[in-house]
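Okay, structure first, notes after.
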Amino acid sequence: MESRTAPPGISLGPMRLATWNVNSIGARLPRLLEWLEDSQPDVLCLQETKITDDAFPTLPISALGYEIESNGDGRWNGVAILSRVGFDDVTRGLPNAPGFPDVGSPQESRAIGATCAGLRVWSVYVPNGREVASEHYDYKLRWLTALNATVAAELPGHARFVVTGDFNIAPTDADVWDPAVFAGSTHVTEPERSAYRSLLGLGLVDLEARPLKGDHPFTYWDYRAGSFHKGMGMRIDLVLASRSVSDSVTDAYVDREARKGKGPSDHAPVVVDLTD
DNA sequence: ATGCCTTATTTCATAAGA
C-alpha cells in the first residue's frame, strides 16, 4: 500500500483512531477481525499482543486493508499499530526507556510510534507495577519518566500528536469502581498520577471517552468474579492528545460491546473520531 | 483468608496480569 504523507499543518480529512489492549492477538484474532470490519478504524493501536514480530498474523489483517507495524517480544507485552492511511517515521521503543530488571537490561516491547496521515501516534503499554515499593513499581515510574521525556521531545514538532494505550494508571478516584478497594495498590498512587498529570502539563489533553452504558467510562474489567457485569471496572486505557487533535474530536467512546460475549479481552477498545 | 479468569509456555504447573 502506498504511504500517504501529510505536510505540516495539513490534515487529510476525517479519521477514526482507536486503542485496544487485546490480551494476546493470537487468542483475540477472530474478535479483532470482526471488530475491524464493524468499527472501521483508520488507525488502531494495540497493546499486549504477546507475539513476536515474525509471528504477527499479518495476512488476515492486511486483507482488510491495513498495514502493520509491531514491536513484540513474544510471551509478554507487545504493541502494534494498524493503519489504513499509511506509515511514516516508525520508532520501536521509547528512545530512552529503562530496561528491566536493570536499567541497562534490554528494553521491553512496550512502545511503538509512527506517523499516520500526518498524525503522530504512540501506542504504549505502561508496566503494571505489581506492588507499591517493589522493583516493578520503581520500573513503572522510571518508564513513565522516559515517556514524559519522549513526549516533551516530540510534541513541539507535531501539532497533531497522540499517545495512547494501556497506561495502567487510573487518573482519579472516579476512574475505579471502588476507591476503597484500591487503597495502597498500584494504579492509583500519587507518583503514578503525578506522571499522568505531567503528560497533561506538557500540553496533552485526556480525551475522556463516553461510556455506551452507565456513568463510568471504564475500559478494563477483571475476568474474575463477574466484574464486567457488576460494573467493577477501571479507566486505565487513555488517549492523550495535542490541543490540535483535541479540538478536532467529534466523538469518543468506550466500545463495551467488545467486552461481551465469547472470548473477549479484559479491556474494551476506546474509539475517537476526528475531523478537520 | 483466598480464589474466583485467561494467557503463553520451560504445559497436567507456573508466572503474569491490574
Side-chain angles (χ1 to χ4, degrees), chain A residues 19-32 35 46-57 70-80 99-101 105-111 123-141 143-144 147 164-193 195-196 216-238 254 256 258-270:
Chain A
T19 185
W20 193 8
N21 179 325
V22 289
N23 184 17
S24 168
I25 196 164
R28 215 64 57 214
L29 188 59
R31 295 285 303 242
L32 173 64
W35 190 84
L46 298 174
Q47 301 85 36
E48 283 205 82
T49 52
K50 296 184 176 178
I51 202 163
T52 59
D53 296 334
D54 286 349
F56 203 98
S70 67
N71 177 17
D73 53 24
R75 182 174 188 179
W76 312 116
N77 314 314
V79 289
F100 187 85
S105 300
Q107 187 178 148
E108 294 181 312
S109 295
R110 294 183 176 275
S123 175
V124 300
Y125 176 47
V126 176
N128 174 288
R130 298 195 195 178
E131 305 285 339
V132 176
S134 69
E135 62 181 351
H136 298 275
Y137 179 78
D138 294 340
Y139 168 55
K140 180 179 192 174
L141 295 181
W143 202 92
L144 286 165
L147 180 60
T164 185
D166 180 354
F167 281 74
N168 274 318
I169 301 170
T172 74
D173 280 352
D175 295 313
V176 298
W177 60 278
D178 183 356
V181 169
F182 291 88
S185 298
T186 59
H187 296 62
V188 302
T189 69
E190 178 52 30
E192 291 165 281
R193 288 175 169 173
Y196 157 83
H216 305 286
F218 295 149
T219 64
Y220 162 85
W221 300 262
D222 197 300
Y223 282 124
R224 294 167 291 184
S227 298
F228 176 66
H229 296 288
K230 296 175 185 171
M232 298 158 58
M234 307 171 75
R235 187 177 79 95
I236 55 176
D237 298 272
L238 310 177
V254 181
R256 72 190 303 280
R259 182 63 178 78
K260 296 180 179 178
K262 181 178 170 55
S265 170
D266 43 2
H267 295 250
V270 179

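No hydrogens, no waters, no symmetry mates; every other heavy atom, side chains included, goes into these values. Bear in mind the structure is a predicted one, so any value in this text is a computation, not a measurement.
Between the side chains of A:N71 and A:S109, at least one donor N or O lies within less than 3.5 Å of an accepting N or O. A side-chain N or O of A:T19 and one of A:Q47 form a donor-acceptor pair less than 3.5 Å apart. Side-chain polar atoms of A:S265 and A:N23 form no donor-acceptor pair below 3.5 angstrom. There is a side-chain donor-acceptor pair under 3.5 Å between A:T189 and A:Y137.
The closest donor-acceptor contact from the side chain of A:K140 to the backbone of A:N168 lies under 3.5 Å. No donor-acceptor pair under 3.5 Å is formed between the side chain of A:Y220 and the backbone N or O of A:N21.
Using a cut-off of 4.0 Å between Lys/Arg side-chain N and Asp/Glu carboxylate O, A:R110 and A:D166 are scored as not salt-bridged.
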Identify the pairs formed between an N or O of the protein and an N or O of nucleotides 5-9 of chain B at a distance under 3.5 Å, and give each distance.
{"unit_1": "B:dT7", "atom_1": "OP1", "unit_2": "A:R28", "atom_2": "NH1", "d": "3.4"}
{"unit_1": "B:dT7", "atom_1": "O3'", "unit_2": "A:S24", "atom_2": "OG", "d": "3.3"}
{"unit_1": "B:dA8", "atom_1": "OP1", "unit_2": "A:S24", "atom_2": "OG", "d": "2.6"}
{"unit_1": "B:dA8", "atom_1": "N3", "unit_2": "A:R75", "atom_2": "NH2", "d": "2.9"}

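To the nearest whole angstrom, the two P atoms, one in B:dA15 and one in B:dC4, are 15 Å apart. One C1' atom belongs to B:dT7, the other to B:dT11, and the distance between them is 12 Å to the nearest Å.
Here the shortest heavy-atom pairing between A:S227 and A:W221 reads O-CD1, 3.8 Å.
Note on A:N21: only backbone sugar-phosphate atoms sit closer than 4.0 angstrom, heavy atoms only; bases stay farther off. Contact annotation for A:F182: no contact, since no heavy-atom pair falls under 4.0 Å across all strands. Within the 4.0 angstrom heavy-atom criterion, no nucleotide atom of any strand lies near A:N77.
Sorted by residue number, the members of residues 125-140 of chain A with any non-hydrogen atom under 4.0 Å from DNA chain B read A:Y125, A:N128, A:R130.
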